[in-house]
Amino acid sequence: MILLRHGQSEFNLHYTATRTDPGIPDPRLTPLGHQQAQAAAEALAKEDVRRILASPYTRALQTAAPLAGKLGLPVLITPLVRERYALSCDVGSPCSRLSTDWPHHDFTRIDEVWWPQEEEPPEAVAARAMQFRLDMMLRDDWAHTVVVSHWGFILAMTGRSLVNGEWLRCDPTGPEPENVVWHHG
């Protein structure tokens, strides 16, 4: 499968410049983030993508949109691939708002408040990543799946810290990363 980190968000722009939490819940993409999403869509359209999964955060949904439009595929929403809950950007939008903003997506299996209410320890993200690995191993189409996710989840899956808009291949049947270094990227 391919793991794609969402494009630059308003939060990423401010956090990168100041290294302080700017207090922006569920941030949207910046113009650069939209360009990164479009560039990823152009590159990934050349792959044999048959399924797109995305986190319910707005920045992930906005990143998935160009690829979904280019390939004519639906975006399947799963909180399992969401970001580690640690900063203001990790406060999501309620399901009712997401379903209004994204009427073509199916949010019926997502709780109104789908993100944690307190900081999530790295072990919890690793456990989610393991659950996702197991879920993907049961599918015969994992090799044709793009997962639009976040820094912390991708780190837990691969041990690699990706920049906004970057993607990499991941074999869920392969070994888990051994030494994950948790710092905010």
Side-chain angles (χ1 to χ4, degrees), residues 1-19 21-22 24 26-71 73 75-90 92 120 122 125-126 128-130 132-133 136 142-185:
M1 72 183 139
I2 294 171
L3 301 175
L4 167 62
R5 183 177 176 195
H6 63 81
Q8 182 192 62
S9 71
E10 297 160 335
F11 179 94
N12 298 133
L13 177 65
H14 293 287
Y15 187 82
T16 301
T18 65
R19 301 316 278 176
D21 188 332
I24 305 171
D26 199 15
R28 303 181 70 74
L29 294 182
T30 63
L32 174 59
H34 284 288
Q35 292 172 2
Q36 291 167 332
Q38 190 61 45
E42 294 296 326
L44 295 174
K46 299 172 184 149
E47 303 292 325
D48 187 14
V49 176
R50 301 177 197 166
R51 187 167 178 248
I52 302 170
L53 300 177
S55 153
Y57 285 111
T58 297
R59 57 199 182 270
L61 297 171
Q62 289 180 310
T63 301
L67 181 61
K70 191 170 223 16
L71 298 178
L73 293 172
V75 177
L76 306 170
I77 312 301
T78 177
L80 196 59
V81 301
R82 66 178 162 69
E83 181 58 286
R84 173 184 178 208
Y85 188 84
L87 300 168
S88 67
C89 62
D90 306 324
E120 188 177 25
V125 184
R128 274 195 292 116
M130 176 51 74
F132 185 69
R133 280 178 177 279
M136 292 303 285
W142 66 261
H144 305 284
T145 300
V146 169
V147 181
V148 184
S149 189
H150 305 269
W151 175 84
F153 185 80
I154 294 170
L155 181 68
M157 285 288 293
T158 67
R160 293 203 33 213
S161 179
L162 300 187
V163 298
N164 294 116
E166 188 177 9
W167 57 274
L168 57 73
R169 296 182 195 285
C170 176
D171 181 345
T173 66
E176 293 179 62
E178 291 183 23
N179 297 317
V180 176
V181 179
W182 286 94
H183 60 83
H184 286 92

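Treat the numbers as computed from the prediction; the structure is a model and nothing was measured.
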Review point. Mind checking what makes side-chain contact (heavy atoms from CB on, under 4.5 Å) contact with A129, not counting sequence neighbours?
Key: F153, A156, M157
Check your understanding: Salt bridge between E83 and R5, side-chain N to carboxylate O under 4.0 Å?
Key -> no
Exercise for review: Answer whether the closest heavy-atom distance between the side chains of V163 and W151 falls below 4.5 Å.
Suggested key: no
Practice item. Please examine the side chains of T158 and C170, heavy atoms only from C-beta on, and report whether any two atoms are closer than 4.5 Å. Key: yes
Check your understanding: Any luck finding a side-chain donor-acceptor pair between H150 and S55 under 3.5 Å?
Key -> yes
Practice item. Without swapping roles, check the side chain of Q36 against the backbone of G7 for a donor-acceptor pair under 3.5 Å. Key: no
**Study point:** Heavy atoms of other groups near R160 CZ, more than 12 under 6.0 Å
**Key:** no
Study note, to complete from the structure: Closest heavy-atom pair, I52 versus A64, reported as atoms and distance to 0.1 Å, is CG2-CB, 4.3 Å
Exercise for review: Say whether, by atom type as modelled, one donor and one acceptor occur between the side chain of S149 and the main chain of I154 under 3.5 angstrom.
Suggested key: no
Check your understanding: Are the side chains of R128 and R133 in touch, meaning some heavy atoms are under 4.5 Å apart?
Key -> no
Review point. Is there a side-chain contact between R51 and L76, using heavy atoms and a 4.5 Å cut-off?
Key: yes
**Study point:** Note: D90-R59 ion pair, threshold 4.0 Å (strictly below)
**Key:** yes
Exercise for review: Determine whether V146 and M1 make a side-chain contact, defined as any pair of heavy atoms from C-beta on separated by less than 4.5 Å.
Suggested key: no
**Study point:** Set of side-chain contact (heavy atoms from CB on, under 4.5 Å) partners for E47, sequence neighbours left out
**Key:** I2, L44, V49, W167, R169
Check your understanding: Does H6 reach the side chain of Y57, with side-chain heavy atoms less than 4.5 Å apart?
Key -> no
Point to revise | Residues that Q8 engages under side chain to side chain donor-acceptor pair (under 3.5 Å), provided they are two or more places apart | key: T30
